[in-house]
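Reviewing the structure listed below.
These numbers were taken from a predicted model, which means no experiment stands behind them.
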Amino acid sequence: MPNMLSVLEEESDIYEVFPPHVDTSSVPILTDSPTKKPALKTYNELYGLLQSGRKHEVKRIIRDNAWPINSTIRSQLWPVLCQQHAHDKSILEGFYWDMVNQIFGTTELPDKPILLPQFVESGYCIAYHLTRKGRSVADRVVCVIGYAHPEITYSPAIYPVTAILLHYMTEEDCYNCMVSLIAAKDKMFTQTKQLYEVTWRTVMQIAKKHVKSAAVHLARHCPSTRTERIFMDWLWWILQGLPFTHLVRVMDCFFNEGIKVLYRVAMAIMLLFYKYSAPQRSEWMNEILTTGIDSALTKFCKQIPVTSAKLLRTAFGIRALSSAYILRVFTKTKMLLKSRTELSYSRSLVRSRSSDNLPTSQSQVNIQMMSHTLTIRELFTLWTWLPVRITMYQPVLLYTTEEHGCSLTTFYVRVEQHEPTLLMIKTCNNEVFGAYCSTRWYERNVKDDHGNRQAYFGTGETFLFSLYPERAKYPWVGMDCAQGDPTLDHSAELFMAADSKMITIGGGEGQAIWMDENIRYGKTDRCLTFNNPPLCESGDFEIRVLEVYGFNGV
C-alpha cells in the first residue's frame with residue numbers, strides 16, 4: 001500500500017507543482033531512461049548545504065541533478081537561489097501587493113492590456129506555457145518592476161525570465177526573485193541598451209578565443225555584413241530557442257551562478273551546431289545552404305539533438321572560461337564602446353568652432369587674471385583639442401596651487417566630483433603640459449565586487465598634451481582601432497589612477513604623468529596608453545604651478 005501511495009503522489013506531481021496560471025497540458029514532461037545514477041538531491045539537502053556556506057558543492061549538485069520538469073523542488077529552491085544575490089537579504093512582506101494597489105488601484109487583474117515599461121522589447125515577451133491569465137500576471141509583475149526601478153532603460157530579458165519563474169511560484173514570490181536578481185552585485189541583467197550591446201560583443205570576443213572553430217564556421221557561412229548580427233541574437237538562442245525542458249535546467253544553474261552560465265551555454269550551442277553542421281552532407285549543413293545561417297541556427301536550438309545534461313556538460317566543459325576572465329572581457333568591451341560612443345558623439349556635432357563655442361570674453365578675462373600657466377593663445381590651442389561637446393561649456397578654474405596650497409587632499413575636495421577636468425602643470429623649468437581627464441577623480445574610491453578599489457579608471461577620451469616648449473596632443477592609442485578591438489593589451493588602457501599618496505595618468509612601461517602627495521615633484525615617461533614621449537626633457541620635474549579646470553554645466 002505505501003508503494004502504491006508513492007506512485008499516486010508521483011503521478012499527481014504535475015498538477016501540484018505548476019500554479020493555476022500555467023497551461024499544464026502543453027508542458028513537455030520528459031522522464032529520463034533508468035540509469036545507475038544516484039538519487040536526485042532533495043531541497044532540504046541543498047538548503048542545508050547553502051546554510052553552511054558550501055557553495056561549491058551546491059554548484060556541482062545543481063549542474064548534475066536533472067530534476068524532472070515537474071519536480072516540486074524548484075518552487076522552494078529557486079527563491080532561495082535568487083535571494084542569495086540580493087544586497088539586502090530582507091524582503092518586506094506585502095510590499096509587492098502594496099505597489100500593485102498603488103499602481104492599479106486594485107489587486108484584481110485588469111481586463112484591459114497592461115502598458116509595459118519602456119525596457120521591454122515587445123518581440124521578446126515570451127510567455128512559454130502560461131495561460132492568458134498567466135500572461136497578464138507576467139505583465140503586471142514586469143510593470144511593477146518598471147515602477148520600482150525607473151533606472152532600467154533597456155532589459156528585454158526581464159520579461160521572459162519573469163515568465164519562467166511564474167511556472168513554479170506565486171506572483172509575489174516571482175517579483176521578489178526578480179528584484180533580488182536585478183539588485184545582484186554581479187549583474188544578472190543588463191539594464192541599458194549600451195550594456196546590452198556590450199554583452200553580445202563580449203560573447204563574440206569569447207567565442208573567437210574559446211570556441212574558435214565554431215566561430216569561424218559561423219563567419220564562413222555568413223555574409224560579412226551579417227556576422228555581428230548573429231551574435232546580437234545570442235541571448236535568444238537560449239531564451240527563445242531552446243526547448244523548455246533544456247531552458248529550465250539552464251535556469252537552475254543561472255539562478256545559482258549568474259550570467260556566466262548564459263555565456264557558457266551560448267558557447268556550447270555554437271560548439272554543438274558546429275559539430276552537427278560541419279560535415280558537408282549533414283542535415284544541418286543542408287539547412288544552412290537552404291535557409292541561411294540565421295534560420296538554421298534558430299531551428300537547431302529549437303530541435304537541439306542532445307539532452308539538457310549533455311548541453312550543460314558541454315557548456316561547463318569549456319576550459320579557462322572563468323568568471324574573472326569573462327568580467328575582464330566585459331569590462332574592456334564596455335570601456336572601448338563607451339570611448340568610441342563619446343568620440344562619435346563629438347564628431348556628430350555640427351556646430352563649427354566659431355566664436356559661438358569658444359570661451360566667452362568673461363571666461364578669457366578670468367583665466368588671464370587667475371592662471372599662471374595659460375595664455376589666451378594656448379587656451380585657444382587647447383580648445384581645438386577638446387571633444388566638441390565640451391567646447392559648448394565655459395572653463396572654470398577649480399584648483400590652483402597658487403591659491404589653494406599644495407595638497408592632494410585639497411585637490412580631491414575641490415576637483416573630485418567634476419567630470420571632465422583639465423590638468424595643467426608648469427614646471428620650475430617653465431615647461432607646460434598636462435592632460436584632459438575624462439572621468440571624475442572620485443572614481444578612485446569605487447570598489448569592485450570583492451571590495452577592492454579599482455587601480456585604474458577613465459575612458460579613451462582622455463588625452464595628454466604639451467604646450468611649451470613643444471606643442472602636441474597625444475590621444476589614446478586605441479581611439480583609431482576597430483570598435484571592440486580585442487588585440488589591445490590591458491597596458492594600453494591605463495588612463496587614470498590615484499590614491500592618498502599620488503596621481504597617475506597613463507601607464508604601461510612607464511607613466512605619462514606622476515605627481516606626489518605634496519604636488520611638488522613629478523616624473524614623466526613614455527607610456528603604452530598614449531605612446532607619448534616624456535613631456536619634459538629631463539623626465540623628472542619640480543612643479544611650480546598645478547591648475548585644474550572644470551567646465552560649467554557639464
Side-chain angles (χ1 to χ4, degrees), residues 13-31 62 66-79 81-82 109 113-114 116-117 119-145 155-178 181-182 188-189 233-256 259 261-262 265-266 269 297-304 306-309 311-312:
D13 196 28
I14 183 171
Y15 303 107
E16 293 174 357
V17 65
F18 296 115
H21 50 250
V22 175
D23 178 7
T24 54
S25 67
S26 69
V27 179
I29 306 300
L30 298 180
T31 53
I62 292 175
W67 295 285
I69 204 81
N70 57 327
S71 169
T72 55
I73 191 171
R74 291 183 180 89
S75 61
Q76 297 173 287
L77 182 61
W78 280 7
L81 295 179
C82 292
L109 274 174
I114 294 171
L116 294 171
F119 62 71
V120 172
E121 189 79 73
S122 59
Y124 295 123
C125 291
I126 310 163
Y128 304 105
H129 302 285
L130 296 180
T131 62
R132 180 177 290 183
K133 180 185 175 184
R135 286 168 180 262
S136 296
V137 171
D139 289 354
R140 182 159 68 178
V141 171
V142 172
C143 186
V144 175
I145 290 170
S155 191
I158 283 179
Y159 193 101
V161 174
T162 297
I164 294 166
L165 286 167
L166 283 171
H167 285 68
Y168 294 97
M169 61 189 68
T170 65
E171 184 175 347
E172 184 176 17
D173 286 344
C174 170
Y175 174 79
N176 291 338
C177 284
M178 288 301 295
L181 296 175
I182 287 165
M188 309 283 272
F189 298 103
D233 290 336
W234 78 278
L235 192 56
W236 310 108
W237 302 344
I238 302 166
L239 293 177
Q240 196 172 39
L242 290 180
F244 193 68
T245 48
H246 290 59
L247 180 56
V248 168
R249 285 290 293 120
V250 170
M251 289 293 111
D252 288 339
C253 301
F254 169 69
F255 293 140
N256 184 47
I259 196 168
V261 171
L262 302 186
V265 170
I269 288 171
L297 184 54
T298 300
K299 187 175 180 181
F300 179 82
C301 292
K302 291 181 184 297
Q303 300 178 10
I304 195 161
V306 298
T307 63
S308 58
L311 176 66
L312 290 177

CA sep, side-chain torsions, deciding dist, call: F18, Y168, ring-ring contact (aromatic ring centres under 6.0 Å, His included): CA-CA 6 Å; F18 296 115; Y168 294 97; 5.5 Å; yes
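- Rounding to the nearest 0.5 Å gives a distance of 8.5 Å between NE2 of H246 and CG of L312.
- Relative ring orientation between Y128 and F244 is described as tilted, the plane-to-plane angle lying within the 30° to 60° band.
- By the 4.5 Å heavy-atom criterion applied to side chains, M169 and P79 are counted as neighbours.
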With side chain to side chain contact (heavy atoms under 4.5 Å, CB included) as the criterion, how do L77 and D252 come out once you've worked through the C-alpha distance, each side chain's angles and the decisive distance to 0.1 Å? CA-CA 9 Å; L77 182 61; D252 288 339; 5.8 Å; no
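- Between the side chain of S75 and the backbone N or O of T72 there is at least one donor-acceptor pair closer than 3.5 Å.
- Rounding to the nearest 0.5 angstrom, the gap separating the CG atom in N256 from the CE atom in M251 is 12.5 Å.
- Of all non-hydrogen atoms in P243 and I304, the two that sit nearest each other are CD-CG2, 3.9 Å.
- The shortest distance between side-chain heavy atoms of V142 and P117 falls below 4.5 Å.
- When all heavy atoms of L130 and A138 are compared, the pair lying nearest together is CD1-CB, 4.2 Å.
- Residues V22 and L166 have side chains not in contact (no heavy-atom distance under 4.5 Å, counting atoms from C-beta outward).
- Side-chain N or O atoms of H21 include none that pairs as donor or acceptor with a backbone N or O of K133 at under 3.5 Å.
- Listed here is the closest heavy atom pair of D23 and T131: N-CG2, 3.6 Å.
- Listed here is the closest heavy atom pair of C177 and L165: CB-CD1, 3.8 Å.
- The heavy-atom pair separating A266 from W237 by the smallest distance is O-CZ3, 3.8 Å.
- Inter-residue side-chain proximity for C82 and L181 is flagged as met; some heavy-atom pair is nearer than 4.5 Å.
- Once rounded to the nearest 0.5 Å, the distance linking OH of Y159 with CZ of F119 reads 11.0 Å.
- Residues V248 and W78 meet the side-chain proximity criterion, which asks for heavy atoms closer than 4.5 Å.
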Before giving the answer on side chain to side chain contact (heavy atoms under 4.5 Å, CB included), spell out for N70 and V27 the whole-Å C-alpha distance, their side-chain angles and the decisive distance to 0.1 Å. CA-CA 9 Å; N70 57 327; V27 179; over 6 Å; no
Between V161 and F189, is a side chain to side chain contact (heavy atoms under 4.5 Å, CB included) present by the stated rule, with each step listed? CA-CA 10 Å; V161 174; F189 298 103; 3.7 Å; yes
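- Note that the CD1 atom of I114 and the OG atom of S136 stand 6.0 Å from one another [nearest 0.5 Å].
- Side chain of S155 to backbone of A157: no donor-acceptor contact under 3.5 angstrom is found.
- Between the CG atom in L247 and the NE2 atom in H167 there is a gap of 9.0 Å [rounded to 0.5 Å].
- Residues I69 and P28 have side chains not in contact (no heavy-atom distance under 4.5 Å, counting atoms from C-beta outward).
- Remark: Y175 OH to R140 CZ distance equals 13.0 Å, nearest 0.5 Å.
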Side chain to side chain contact (heavy atoms under 4.5 Å, CB included) between D233 and T298: does it pass, once the steps are laid out? CA-CA 10 Å; D233 290 336; T298 300; over 6 Å; no
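- Taking the side chain as every heavy atom from C-beta outward, V120 and P156 never approach each other to under 4.5 Å.
- Taking all atoms of both residues into account, the shortest heavy-atom contact from M178 to I145 is CB-CD1, 3.7 Å.
- Under the 3.5 Å distance criterion, the side-chain polar atoms of R74 are matched with a main-chain donor or acceptor of W67.
- Using a 4.5 Å heavy-atom threshold, the side chains of D139 and P113 count as separate.
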